[in-house]
Amino acid sequence: MFAMSTPFAYTLDSIQERIEGLTPTSRRLSSLRGQFLDSRAFDAQLAQGDPVLYEYYPVHRPEVAGELFSGLTTLYPGTVGGEYFMTKGHFHALLETGEIYSCLSGQGKLVMETPEGTWQVTDMSPGVVVYIPPRWAHRTVNTGPNKFSFFWVCPADAGHDYGSIERQGFRKRVVEQNGSPTLIDNPHWLPPAQRV
Ligand code: S6P
Ligand code: ZN
């Protein structure tokens, strides 16, 4: 589907939170091992089952300059040790490529940072569009009680670089404190010069 190189249309179903006609890719709790701060809570939760944390519907295009990669991602609500369900997060393999995120439903945050450690966290709710500049890693966090979904588009040759995020996470984490989403410092985060 969508393999043609003539203009084409697709339907974002914001009620069902899917792209009609596409099969989603799912990421389960087990695929985020080491990403949540509280590893004991992670293990305890995983012992109870391995739920889907998020699903995305990618509209694949040839990975060449000039093409655009787009799709829809839906994050389910929940926490692990008080830290909200989140995507793995990544830099683009082609670092100098940006991305657009547009919230369709739910409530969340977009956590971003540069390789040097400059960070920004932006609230997302339906209607909010965030421009992620080239060089900024990005992770979404569902801070609400319902599903959180967003549409995204980036250069098709951008690629994904999960490495440094998998090793130490983002500089800021989003946790529930007194019932509200709160930003805390990530104790595992080191500035680039101190990393081994
Ligand atoms: C791709 C874009 C999204 C994410 C998706 C899953 O550049 O940013 O499609 O891939 O939301 O996140 P992650 O961090 O697991 O790839
Ligand atoms: Zn991306």
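In each ligand, atom 1 is the first atom listed, and ligand 1 is the first ligand listed.
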Discussion item. Taking 4.0 Å as the limit for heavy-atom contacts, which would you say applies to His138 with ligand 1: side chain only, backbone only, both, or neither?
Written reply: side chain
Worksheet item: Among protein heavy atoms, which lies nearest atom 1 (C) of ligand 1, and at what distance?
Response: His160 NE2, 3.3 Å
Discussion item. If the threshold is 4.0 Å, N to carboxylate O, is there a salt bridge linking Glu116 and Arg135?
Written reply: yes
Practice prompt. Only counting residues at least two apart or in another chain, list the ones meeting ring pair (Phe, Tyr, Trp, His ring centres under 6.0 Å) with Phe69.
Written response: His60, Trp152
Fill in: All ring pair (Phe, Tyr, Trp, His ring centres under 6.0 Å) counterparts of His160, not counting sequence neighbours
His90, Tyr162
Item to complete: Report, in ascending order of atom number, the atoms of ligand 1 lying under 4.0 Å from any heavy atom of Arg27.
Response: 15 (O), 16 (O)
Worksheet item: Do you know the tightest heavy-atom contact between Leu94 and Asp157?
Response: CD1-O, 3.3 Å
Worksheet item: Who gets closest to atom 3 (C) of ligand 1 by heavy atom: Phe151, Tyr101, Tyr56?
Response: Tyr101
Discussion item. Test your reading of the model: is there a side-chain donor-acceptor pair from Ser125 to the backbone of Asp123, 3.5 Å cut-off?
Written reply: no
Worksheet item: Thinking salt bridges, do Glu17 and Lys147 make one under a 4.0 Å N-O criterion?
Response: yes
Discussion item. Below 2.8 Å, which protein N, O or S atoms neighbour the Zn ion (ligand 2), ignoring water?
Written reply: His90 NE2, His92 NE2, Glu99 OE1, His138 NE2
Worksheet, complete the sentence: Rounded to the nearest 0.5 Å, the CG atom of Leu37 sits from the CZ atom of Phe42 at a distance of 13.0 Å
Discussion item. Tell me the protein heavy atom at minimum distance from atom 4 (C) of ligand 1, and give that distance in Å.
Written reply: His90 CE1, 3.7 Å
Item to complete: Do me a favour and list the nearest non-hydrogen protein atom to atom 7 (O) of ligand 1 with residue, atom name and distance?
Response: Glu99 OE1, 3.0 Å
Item to complete: Quick one: look at Phe150 and ligand 1, take heavy-atom pairs under 4.0 Å, and tell me if it's side chain, backbone, both or neither.
Response: side chain
Practice prompt. State, yes or no, whether a side-chain contact exists between Leu32 and Val80 at a heavy-atom distance under 4.5 Å.
Written response: no
Worksheet item: Which protein heavy atom lies closest to atom 11 (O) of ligand 1, and at what distance to 0.1 Å?
Response: Thr73 OG1, 3.0 Å
Worksheet entry | Arg195 NZ/CZ over Trp189 ring centroid, <6.0 Å and within 45° of normal | yes
Worksheet item: Going by an N to O cut-off under 4.0 Å, is there a salt bridge joining Lys172 and Asp185?
Response: yes
Item to complete: Distance to 0.1 Å, residue and atom name: give those for the protein heavy atom nearest to atom 12 (O) of ligand 1.
Response: Thr87 CB, 3.8 Å
Practice prompt. Flag the pair Trp136 / Glu99 as yes when at least one side-chain heavy-atom distance between them is below 4.5 Å, and no otherwise.
Written response: no
Fill in: Closest protein heavy atom to atom 16 (O) of ligand 1, given as residue, atom name and distance to 0.1 Å
Tyr162 OH, 2.5 Å
Worksheet item: Got more than 12 heavy atoms from elsewhere within 6.0 Å of CD, Glu176?
Response: yes
Discussion item. Using heavy atoms and a 4.0 Å limit, tell me yes or no: is Gly71 in contact with ligand 1?
Written reply: no
Discussion item. Check for me whether His92 has a heavy atom closer than 4.0 Å to any atom of ligand 1.
Written reply: yes
Discussion item. Can you report which non-hydrogen protein atom sits closest to atom 6 (C) of ligand 1, along with the distance?
Written reply: Tyr54 CE1, 3.6 Å
Worksheet item: So which protein heavy atom does atom 14 (O) of ligand 1 come closest to, and at what separation?
Response: Gly89 N, 2.8 Å
Practice prompt. Enumerate the atoms of ligand 1 whose separation from the nearest heavy atom of Cys154 is less than 4.0 angstrom.
Written response: 7 (O)
Worksheet item: Does ligand 1 have any atom sitting under 4.0 Å from a heavy atom of Ala158?
Response: no
Discussion item. So does Ile184 get a backbone contact from the side chain of Arg173, meaning a donor-acceptor N/O pair under 3.5 Å?
Written reply: no
Fill in: Tyr76: ring pair (Phe, Tyr, Trp, His ring centres under 6.0 Å) partners, not counting sequence neighbours
none
